[in-house]
Every structure is written in structure tokens, then in C-alpha cells.
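Data first, discussion second: the structure below is written as C-alpha cells.
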Amino acid sequence: MGDNIRAGLISGIAFGVIIIITSLIGFFGTVSALLGEFLFDPKTQPAALYSLVLILALLGLWAGIRAAKPVGTDRWSGALVSGAVAGLSTGLFVGIYTLIIGGFNARGLDIRGYLAQMSPDAIRFLLFQLPPATAALSYFLLFTTTGLAGGFLAKTLGRGRLKKANQQLKSKITELWESTSVAVWLSKFPYTQYIVYGAIIILALLLPISLGQYWNFTLGTVGVYVLMGLGINIVVGMAGLLDLGYVAFFAVGAYTVGLLTSPQQLSQFQIDFWPAAFLAIVIAAITGIILGFPVLRLRGDYLAIVTLGFGEIIRILVRSDLLSDFTGGPQGVRQIDGPSLFGISLTNDRAYLYMIILAIMLAIFVTIRFKDSRVGRAWVAMREDETVSQAMGINTYTTKLLAFAVGAAFAGLGGVLFASRNQYIGPEDANLLVSINVLAVVIVGGMGSIPGVFLGAFVLKGLPEIMRQLQDYRILAFGALLVVMMIVRPEGLWPSQRRRLEMHEEELPLEELEETEAIGALEAALEESTK
Amino acid sequence: MENNAPVLEVINLHTYYGNIHALKGITLSVHKGEIVTLIGANGAGKTTTLKTICGLLKPRLGEVYHEGRMINVLKAHEIVSLGISMVPEGRGIFSRLTVLENLDLGAYIRTDRVAINEDLDRVFSLFPRLKERQKQVAGTLSGGEQQMLAIGRALMARPQILLMDEPSMGLAPILVESIFETIKTINQEGVTVLLVEQNALMALSIANRGYVLQTGQIVLQDTAANLQINEMVQKAYLGME
């Protein structure tokens, strides 16, 4: 019983504190307004209020389940006590909190000077439009009942029962799928794979026509991140070199094309877009090699720190007074020229999306070719064990340089397209956050996997665009997503086969069984040979 | 057996780890077709000697010659292409790659696909277990199988000289015997072997000659047969009174 009460208290206090903090930054107001529009008829006045109660009730339920799950699900009393204590303590915390903020309102104090989101209106909303004492009591009752219900739920669901049900469902679905004639037909037909690829390519090429300007622009941004994701996938995912200054190569590509095509800077050297783009990619790759020379002797964490510094050096250089005659300093480079083909200007968002899609296809082609090549194998070996790779005859130095150069070329290409589409590149487009975002794309998507890069880019760059209304909380959601991902699915959303194996090495009961069997067989064979 | 010039010659080798003087003037030679063993206790410098020969460590003083050519100035990957392959200590397989990928990496320096496939067949005939498990991730193999893989991988470079670092480490006695049988077979097929071992009894039973290493120096060298009956060796390394 003591354990149950303690678990309940811990869960209750944790939830109470989290609810108070998130409410202080105005999270509940925004989310309930959004959810209200979505779930209920927005014309009826209390739609947002309904959704607020719904969210709070779900949180209470969660607190109860969390409290009851690890202990005492064997006995009814234990589960209920845990849930109830969790609900009670959450309710107590949040109740006192409502009393306090309600008190401010009643006295006419405006606390927005300290807490920007806590306007009198917002506080009244959090109080369910009730007087403070009544609101506090309703909070208390709401959390106590939902906490109790959570304990009840935890007991009925039981430990692991949900997981089992999920697995059963999954196996049933695969069974059903395999028994259908479509699956049989697909597995018999040898070109299925190519047809799927073809369909994806055709879809990708049709997409820009069917979309409006806004979506073409947004997808273009996502596409640039896909391109950079594919690049860093080679450096980090395949070769295992943690590069935190990846944005440097993006900046080099973007600034090169900017300087060569903008009439503002270096006008005597102004050239056409296509040769400028080609030069920009080559220079980005060369920058990769130049950076690589001194840096690649370092391993692991040291490499990460030094590349981080390099990324910042590039950003500070381009915004410095020293180079402002060329780079425009903090103002950046403007009027960057776009491409044209056979006299037709390709400077609308649709044309850029096409170019980005083509660039991605090229990058995928290059990635696949590398993956299956000698160099690709050397990268994988080097990531596994650098010393042993040397003993296999791999020149780890040039192999690393090549990975850096290829990755840098991809980033340079991304920079070229980005800068010429926006007709502008500035030092703020090259800040550290870009490197981190690109790395996050690969981590969330799944290290070393091409479809994973797409998924990661859509989740991290596409979803925030879709959820524009949530804008202030994007970073919050982003952080929460990363934390949850690392706990629940550390290998990424769509990991490569190899990565999946690495992350779930402990989940190989079948192989283990075979191993003991193997030793038996080996011994038998040896005995036979000695006879 | 011992004809004229040695295929591998080490002269007065001094290697340091930072300030620690690990090798204090090692001199040894290996002739074509021999099995030479380097025995000694933990920390005597056996592994350091091998690592210096194959270029993973650089000597501060002394030279390594391969067929009369000084190789201690070369990088590790260049030495491999001279035909000197290493079976690293603790097997050093790529545990998250499959057996086949491991063997493929062994042949990294070669581009003659047909001959590589021949060698793959040869490795599979030496170690049939590996053939059965070629698609399996190497880390899930048993210790003995991993050792087979490490040897097979070194053979994939079609080496002239095989440097082996404690192939018996951590294996059941029955497996040790079979591994040493294989080493003998490999040697009979024409590969010169320099074998580092703690299991002196087993090593001397298949070797032609041996060196005894103590705290970074060679204290004894003789034919394997003589070493087996040497009083000091018997006392210190063979556990006989």
C-alpha cells in the first residue's frame, strides 16, 4: 500500500508541475482553441472550453495509469489507490495554482509583464469562466475522478496486455494480406519493385503541377532538406563521421552562386546560372576536402566539436566587415539570378520544385551507386572499426575525405537551389540550427536509409508548415518529438536494415538458439573428423 | 626449409606507447614457408610486435624488411597490399556486418572478381560453417566461428605472410585444436605464418621455430622442438615442473 501511495504521489506531482508550466506558457489556450475548431462546431461558444476539459481529463487519466502501472496492478485496491492518489495530488497542485491566478484576476492585477501569455482573458478561460474557488474545486474533482479512472483502466488493461493485443492484430493483418490474391500476384510478378519506383517518380513529377504556389514553395524547402539529409546521410550514416558544421558547405554553395550571378557583388565576374551552379558545387566539394585534411585525423567527439567550430567560422566570416565587400556582411547577397533554359526563365516556384526533385533523384542515384561500390563498403567498415579497416588495406584517410567531399557537394547543390530560389542568401540562413535540423532529419528518419530521409524531412520541415497555427510551440513539440523518438524508436521512423539490427541486437532470440545448436553440431563434426 | 634470405626481417625494433617503452629492441626473421611463433606472457610485447610489423604502430627505432624492402615507413593499408595480412587480436571482426560482407572486405585490396570468388570457395571449404552462415550477422556467431571468420577474412587478401594474434584466445580446447589444424593446412598450402600465442604448448607443436618474449625483449630463440624441451620454457610457459 505504501508503494502505491508513493507511486501515486510521484506521478501526481510530476503531472501537476507539467500541467502548471505548460499552462503558464499559454499552451492549453492555443491547443484547445485549435482542437475546438477541429472537434466541435466552432459556432457554439464553448467549443474551446469543451476541448480544454477533454485535454485535462485525458491528462488526468494518463497520470492515473502511469501511477498504477508499475506497481500494484495485481490487486484492485492497489491500482485504485495509486490512481486516486495521483489524481488527488495533481488536483491539489493545479487547484492551488488556479486559486492563485484567479486571485490576480479578481484583484485586477495584470501579470503579463512577467508571464506574457497570462492575459486576464486567458486566465478566465483557464478558470472555465468560473469564480476562482469554484474553478479550483472543479479542477480538484476533475483530476481525482480521472486519476481514479486511470487506475481502473491500468488494472483492466493489465501489464503487457495492450502490447500483446497489438501484436496479435499485426500478425492477423499480415496473415490477411498474404492470403489475398493481390499479395500473391505481387510476389509472383518480378517487376513489382520497378513499377513501384516508376509510380513514385511519376507521382513526384506530377505533384508540382497539381499544387499551388504556397505548397510548391513549402515542398521546395522540404526538398532542400531532403537533399542535405541525403548528403549528411553519407557522412554520418554511412561513413560514421559526426559532422556538426554541415551548414558550412550549404553556405559555400549558396554564396558562390550568389557572388557569381548577383549584379551587386563582384559584377565583373558575373556569369550565367548553370556554370555558376556547377562551380558552386565543385567549390563546396573542395571546401569539404580542405576542411577534411586537418580535421579527419580526429575521431568521434573531437571531430564533432571541430566541425561545429568550422560551421560557425564560415557563418561569422560571411557576416564580418572584413568580407562585406563580397558577401554583403549582415545584409547578405541579393538579386541572385535564377536559371533559364532555351530562353525560358525558370524562376517560379514550380520550376524550382522540379529542379529540386531532379536534384534529389540525382543524389539518390549517386548514393545508391556509392553504397554498392568498393568505397561504400570501405565507409561501412570504417564506421565499424577504423583500425581493423586499415588492416584490411583500406586507406581510411582518403576514404574519409571522399565521404566529406560527396556530402559537401550535396549540401552545396542544396545551397545553390535555395539561394537562387529565394534570390537571396544571408548569414542567418547559415546558422548552427540548420546543421542541427539536417542532422535531426536523418536521426528521426532513420540513419543510413533513403526513405527515412524523406520521412524525416517531412516530419521536421513539412509538418511545422502544416501546423502553422501552433507556431509558438513548434520548438516545444520538436523537442518532445525528439525525446520520444529516442526512447520509443531509436533507430528512426524508417531505418535501414542494418541500423535496425544494430539497435535491437538484444532482440535476437532466434539466432542465439541457433548458436548453441551450432556449437553442438561443430563438436559432433570434429569428433567425426578425428575418428 | 630455411633457405637464404628471410621473407620478413625485423631488426632492433623499439616501439613506444607515449612514454612507455614497449619493445626494447626486437630482432627476428621469418623464412618462406615457415611457421614461426612468438610466445610470452601478458604484456611481453607480442601484440605490439605484430602491430608494428603491419604498420598500425610506428617504431621509434629499428626497421622492418619484407623481401629486402624496408616497410616500416609504409602505411598500414600499403603493407596489406604487399601480401602481409593480419588476424587481429580478439578476432576484430566487423560484428554488425554479415559473414559474407566481412569476407568481402578481406579482399578489399583486390579487384580480380574471378579469383576472389575462387578464394571465397576455398575459405568456405576450409570452414564449412561459414558457408552455412554467410548471410548471418557476424556478431551472432559463436566464438569459434568468429575466429574462423577472422582467419578466413585474412586469407581473402591472398596473403603471402599471415600474422596471427592469439587465435586460441577465449576458445574451448576442442576448438583450439581444430583452429591449429587449420593453421597447419594453410601453411602447407604455401602461406608463411607468424603466430603470436599465449598457449605456448599448442603453438610450439605446429611451429618450425620460436621466439620467447619477455618485457619487450627476446630472451630465447630456437627451433620449436628444442624450445619444447627447454627447461626455462617448460617451467615458465608449459606449466611443467
Side-chain angles (χ1 to χ4, degrees), chain A residues 238 240 371-400 447-448 491 496-530, chain B residues 50-51 54-57 75-98 101-102 104-111 127-129 132-133 136-145 148 150 153-154 156-157 159 163 165 172 174-175 177-178 181:
Chain A
M238 284 163 84
K371 208 174 196 166
D372 297 336
S373 73
R374 246 164 79 84
V375 178
R377 286 184 295 148
W379 282 336
V380 173
M382 206 170 61
R383 190 166 83 96
E384 286 283 307
D385 190 326
E386 209 175 315
T387 313
V388 178
S389 315
Q390 283 177 321
M392 295 293 107
I394 295 169
N395 184 344
T396 51
Y397 201 61
T398 50
T399 311
K400 279 179 179 179
M447 204 71 97
E491 73 270 35
S496 63
Q497 191 64 33
R498 175 160 288 143
R499 192 74 184 163
R500 201 171 312 171
L501 278 171
E502 286 167 19
M503 287 294 179
H504 296 280
E505 268 168 318
E506 73 278 18
E507 292 168 24
L508 291 167
L510 213 135
E511 258 87 352
E512 254 168 62
L513 232 159
E514 270 179 67
E515 192 180 323
T516 44
E517 198 186 303
I519 292 171
L522 191 67
E523 278 167 0
L526 275 170
E527 246 167 70
E528 215 168 287
S529 65
T530 46
Chain B
L50 275 201
K51 280 190 168 167
C54 74
L56 289 172
L57 293 172
K75 303 232 167 62
H77 63 92
E78 293 167 328
I79 291 174
V80 182
S81 45
L82 294 178
I84 302 175
S85 256
M86 160 123 140
V87 181
E89 188 186 23
R91 310 192 257 277
I93 54 161
F94 299 110
S95 59
R96 298 189 292 209
L97 307 190
T98 66
E101 285 171 321
N102 264 280
D104 231 24
L105 279 165
Y108 182 81
I109 49 164
R110 300 167 59 192
T111 47
F127 304 113
R129 297 292 313 169
E132 286 166 38
R133 296 176 172 262
Q136 201 170 312
V137 177
T140 62
L141 297 177
S142 73
E145 288 164 351
M148 294 174 195
R153 189 182 57 183
M156 287 301 289
L163 311 175
D165 199 349
I174 185 163
L175 283 173
E177 227 162 278
S178 117
E181 276 305 311

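So you know, we letter chains A, B, ... as the sequences are listed, proteins then strands, and number each from 1.
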**Which residues share a salt bridge (charged side-chain N to carboxylate O under 4.0 Å, His left out) with B:E132, sequence neighbours left out** = B:R129
**Request:** Compare every heavy atom of B:Y108 with every heavy atom of A:A378, then report the nearest pair and how far apart it is.
**Result:** CB-OH, 3.5 Å
**Item:** Euclidean distance, A:M392 CE relative to B:M156 CE, rounded to 0.5 Å
**Value:** 11.0 Å
**Complete:** Value for CE (A:M382) from CG (B:L105), rounded to nearest 0.5 Å, stands at 12.0 Å
**Prompt:** Which atoms form the tightest heavy-atom contact between A:R374 and B:R110, and what is the distance?
**Reply:** NH1-O, 3.9 Å
**pair A:V388-B:R153: side-chain heavy atoms closer than 4.5 Å** = yes
**Complete:** Looking only at heavy atoms, the pair that brings B:F94 and A:A381 closest together is CE2-O, 3.4 Å
**Request:** May I ask you to check whether over 12 heavy atoms, not counting those of A:K400, lie within 6.0 Å of atom NZ?
**Result:** yes
**Message:** To the nearest 0.5 Å, what is the distance between OG1 on A:T398 and NE2 on B:H77?
**Reply:** 6.5 Å
**Request:** Select, from B:I109, B:N102, B:I79, the one with the greatest count of heavy-atom pairs under 4.5 Å involving chain A.
**Result:** B:I109
**Pairing residues for B:D104 by the salt bridge (charged side-chain N to carboxylate O under 4.0 Å, His left out) criterion, not counting sequence neighbours** = A:R377, B:R113
**Prompt:** With a 4.5 angstrom heavy-atom cut-off, which part of B:L56 approaches chain A: side chain, backbone, both or neither?
**Reply:** side chain
